[in-house]
Undergrad: 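My questions will all concern the structure given below.
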2 protein chains.
Amino acid sequence: MLNESSNDKPVYPIRTAAKLLNISVHTLRMYEKEDLILPFKKSSNHRLYSRNDIDRINCIRSAINDSKISINGIKTIYAMMPCWEVLNCSKEDRSKCSAFLRHSGPCWAVKGDDTICATKDCRNCLVYQEYGECGSIKNFIRNKLTSL
Amino acid sequence: MLNESSNDKPVYPIRTAAKLLNISVHTLRMYEKEDLILPFKKSSNHRLYSRNDIDRINCIRSAINDSKISINGIKTIYAMMPCWEVLNCSKEDRSKCSAFLRHSGPCWAVKGDDTICATKDCRNCLVYQEYGECGSIKNFIRNKLTSL
DNA sequence: AAATATTGATATTTATAAATACCAACTTTA
DNA sequence: TAAAGTTGGTATTTATAAATATCAATATTT
């Protein structure tokens with residue numbers, strides 16, 4: 001499904017990533033605390049960013065700076081994504097999952113539910129990787145609803 | 001379908017509406033310019049607000065002040081709504097409608113397309129009336145996708 | 001083992017979205 | 001028909017989200 005390319009490999013330490021993006025190291029940590037991004041963590045807890053991470057963050061920056069969407073706005077847009085359709089969650093899975101109902105933030109920010117996602121690393125999840133902007137989210141909804 | 005209740009009747013002039021909402025008259029006009037609301041207009045071009053308008057604006061205020069979602073964020077969330085499913089647009093209708101593809105603002109902000117909505121007054125449209133907040137929009141998407 | 005980088009956390013700054021104030025022309029109402 | 005209210009416009013203020021600066025403790029690199 002997902003082709004494991006070199007763009008997925010976590011290679012940039014936080015300082016390098018910050019330089020590539022022309023932002024401060026702290027801003028990167030802030031985006032993470034706000035559940036916008038899920039950088040790779042080494043065993044030492046140090047972060048590493050992939051080329052795809054950089055592209056994703058550039059997209060977030062454009063939403064904030066060009067489209068003037070606030071961080072909480074972005075989180076709410078992420079919450080619109082029907083993740084259960086991507087993962088083909090069962091009715092029972094869905095009933096146990098707060099991401100199914102909530103509209104306050106992305107599914108990958110949900111912790112503690114007893115779902116099929118509980119043990120997964122969201123960083124490797126199709127939902128996180130492919131639906132990180134409003135365009136692709138609306139695309140998904142539109143395609144799902146009109147292909148019936 | 002829609003029960004024409006007293007809550008729909010446009011009765012409050014802008015000043016009264018502003019007082020009910022504890023905001024300035026200009027803020028109300030700003031929300032309208034940003035396509036968040038569609039107040040009733042008298043032939044003289046003066047605005048009138050209904051009880052439902054007041055409730056809707058209170059909801060917008062809560063999104064801005066409590067949830068910290070920017071106006072452009074709210075517009076983008078509105079754009080996620082699959083309006084074509086509510087109106088049962090044909091394939092051809094959809095192909096002519098920019099609201100089908102765009103993710104920059106609500107369908108009721110679209111002008112000039114040759115669609116079934118062209119002659120309609122969006123103020124009386126179910127899409128505008130019922131899906132004015134993130135909760136109801138996600139509800140709609142969830143119900144549509146899981147009732148299949 | 002010394003030099004360089006990262007960690008999380010708090011305190012501060014800056015950029016700007018959201019709201020207000022003001023304007024002359026027009027409309028309503030009493 | 002006079003007083004009060006509304007119109008759309010620009011210019012200004014304010015509140016705060018987003019970003020930066022600084023910190024001691026810990027990890028990495030050479």
Side-chain angles (χ1 to χ4, degrees), chain A residues 10-50 53-54 56-78 104-105 109 111, chain B residues 10-50 53-54 56-78 104-105 109 111:
Chain A
V11 287
Y12 308 118
I14 195 166
R15 196 165 213 267
T16 311
K19 267 193 196 123
L20 284 169
L21 289 157
N22 250 305
I23 57 175
S24 80
V25 160
H26 185 93
T27 301
L28 278 172
R29 287 209 213 94
M30 194 256 282
Y31 289 166
E32 180 182 345
K33 198 173 188 183
E34 294 281 8
D35 296 312
L36 299 183
I37 51 172
L38 295 170
F40 179 83
K41 298 274 191 110
K42 295 200 276 185
S43 54
S44 60
N45 214 28
H46 285 200
R47 297 164 177 85
L48 284 179
Y49 298 80
S50 68
D53 286 325
I54 305 297
R56 181 195 189 89
I57 295 159
N58 265 324
C59 170
I60 290 168
R61 300 231 92 219
S62 161
I64 294 172
N65 297 319
D66 305 334
S67 305
K68 311 293 181 190
I69 303 173
S70 63
I71 287 179
N72 279 352
I74 297 173
K75 290 165 76 170
T76 309
I77 291 161
Y78 283 163
S104 49
K111 303 267 174 277
Chain B
V11 287
Y12 308 117
I14 194 165
R15 197 164 212 268
T16 311
K19 265 192 196 127
L20 284 170
L21 289 157
N22 251 304
I23 57 175
S24 80
V25 161
H26 185 95
T27 300
L28 278 172
R29 286 208 213 94
M30 195 256 283
Y31 289 167
E32 181 181 345
K33 199 174 189 183
E34 294 280 8
D35 296 312
L36 299 183
I37 52 171
L38 294 171
F40 178 83
K41 298 273 189 111
K42 295 200 277 184
S43 54
S44 59
N45 214 28
H46 285 199
R47 297 165 178 85
L48 285 179
Y49 298 80
S50 69
D53 286 325
I54 304 298
R56 180 194 190 90
I57 294 158
N58 265 324
C59 172
I60 290 168
R61 300 231 90 219
S62 162
I64 293 172
N65 297 320
D66 306 334
S67 305
K68 309 295 181 189
I69 304 173
S70 63
I71 287 180
N72 279 352
I74 297 173
K75 290 165 76 170
T76 308
I77 292 161
Y78 284 163
S104 49
K111 304 266 175 276

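It should be emphasised that the depicted structure is a prediction, and the values quoted were computed from it without experimental measurement.
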Undergrad: Please tabulate, for side-chain N and O atoms in residues 36-45 of chain B, each donor-acceptor pair with protein atoms closer than 3.5 Å (sequence neighbours left out).
TA:
{"unit_1": "B:K41", "atom_1": "NZ", "unit_2": "B:E32", "atom_2": "OE2", "d": "3.2"}

Undergrad: If you take any heavy atom closer than 4.0 Å to DNA chain D, which residues from residues 27-44 of chain A end up in contact?
TA: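 Those residues whose heavy atoms fall under 4.0 Å from DNA chain D, taken from residues 27-44 of chain A in numerical order, are A:T27, A:M30, A:Y31, A:S44.
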Undergrad: For A:Y49, what residues pass the ring pair (Phe, Tyr, Trp, His ring centres under 6.0 Å) criterion, not counting sequence neighbours?
TA: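 With sequence neighbours excluded, A:Y49 shows a ring pair (Phe, Tyr, Trp, His ring centres under 6.0 Å) to no residue whatsoever.
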Undergrad: In whole angstroms, how far is the C1' atom of D:dA4 from the CZ atom of B:R15?
TA: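 Those two atoms, CZ and C1', are 9 Å apart.
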Undergrad: Reading DNA chain C from 5' to 3', where do the contacts with chain B start and stop? Cut-off is 4.0 Å to heavy atoms.
TA: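 Nucleotide range in contact with chain B: C:dA18 to C:dT28.
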Undergrad: Could you tell me whether the side chain of A:T76 and the main chain of A:N72 form a donor-acceptor pair under 3.5 Å?
TA: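 Indeed, once roles are kept as given, a pair shorter than 3.5 Å links the two residues.
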Undergrad: Return the set of residues passing side-chain contact (heavy atoms from CB on, under 4.5 Å) with B:A18 (not counting sequence neighbours), or none when no residue passes.
TA: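 side-chain contact (heavy atoms from CB on, under 4.5 Å) check on B:A18 returns B:V25, B:L28.
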Undergrad: Can you list everything that forms a side-chain contact (heavy atoms from CB on, under 4.5 Å) with B:S67? Sequence neighbours excluded, please.
TA: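 With neighbours one apart ignored, the set is B:I69.
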Undergrad: Rounded to the nearest 0.5 Å, what's the gap from NE2 on A:H26 to CZ on A:R29? Could you check?
TA: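 Here the rounded value is 7.0 Å.
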Undergrad: Got a sec, which residues hit side chain to side chain donor-acceptor pair (under 3.5 Å) with B:S50, two or more places apart in sequence or on another chain?
TA: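 Checked B:S50 against side chain to side chain donor-acceptor pair (under 3.5 Å); matches are B:D53.
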Undergrad: Walk me through it: do A:L21 and A:N58 pass the test side chain to side chain contact (heavy atoms under 4.5 Å, CB included)?
TA: CA-CA 7 Å; A:L21 289 157; A:N58 265 324; 3.5 Å; yes
Undergrad: Test: salt bridge (charged side-chain N to carboxylate O under 4.0 Å, His left out). Region: residues 60-77 of chain A. Which pairs qualify, not counting sequence neighbours?
TA: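 Applying salt bridge (charged side-chain N to carboxylate O under 4.0 Å, His left out) to every pair that reaches into residues 60-77 of chain A, excluding sequence neighbours, yields A:E34-A:K75.
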Undergrad: Nearest heavy-atom pair of B:I54 and B:A17: which atoms, and what distance?
TA: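 Shortest heavy-atom contact: CD1-CB, 3.8 Å.
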Undergrad: Which pairs pass side-chain hydrogen bond (donor to acceptor under 3.5 Å, both in side chains) with one or both residues in residues 10-24 of chain B, sequence neighbours excluded?
TA: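 Sorted pair list: B:S24-B:T27.
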Undergrad: Taking any heavy-atom pair under 4.0 Å as a contact, classify A:H46: base, sugar-phosphate, or nothing.
TA: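 Answer is sugar-phosphate: A:H46 comes under 4.0 Å of backbone atoms only.
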Undergrad: With rounding to the nearest 0.5 Å, note down the distance linking CG in A:D35 to CD1 in A:I74.
TA: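 Result: 12.5 Å between the selected atoms.
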Undergrad: So B:I77 and A:I77, do their side chains get closer than 4.5 Å, heavy atoms only?
TA: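 A side-chain contact under 4.5 Å exists here.
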Undergrad: So what does the secondary structure string of DNA chain C come out as, 5' to 3', with Watson-Crick or wobble pairs under 3.5 angstrom, [ ] for crossing and | for pairs with another strand?
TA: |||||||.||||||||||||||.|||||||
Undergrad: Give, ordered by number, those residues of residues 57-71 of chain B having at least one heavy-atom distance below 4.0 Å to an atom of DNA chain C; if nothing qualifies, reply none.
TA: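 Listed by number, they are B:R61, B:S70, B:I71.
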Undergrad: Taking only side-chain N and O atoms of B:R47, does any of them lie within less than 4.0 angstrom of OP1 or OP2 on D:dT7?
TA: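 Answer is yes, contact under 4.0 Å.
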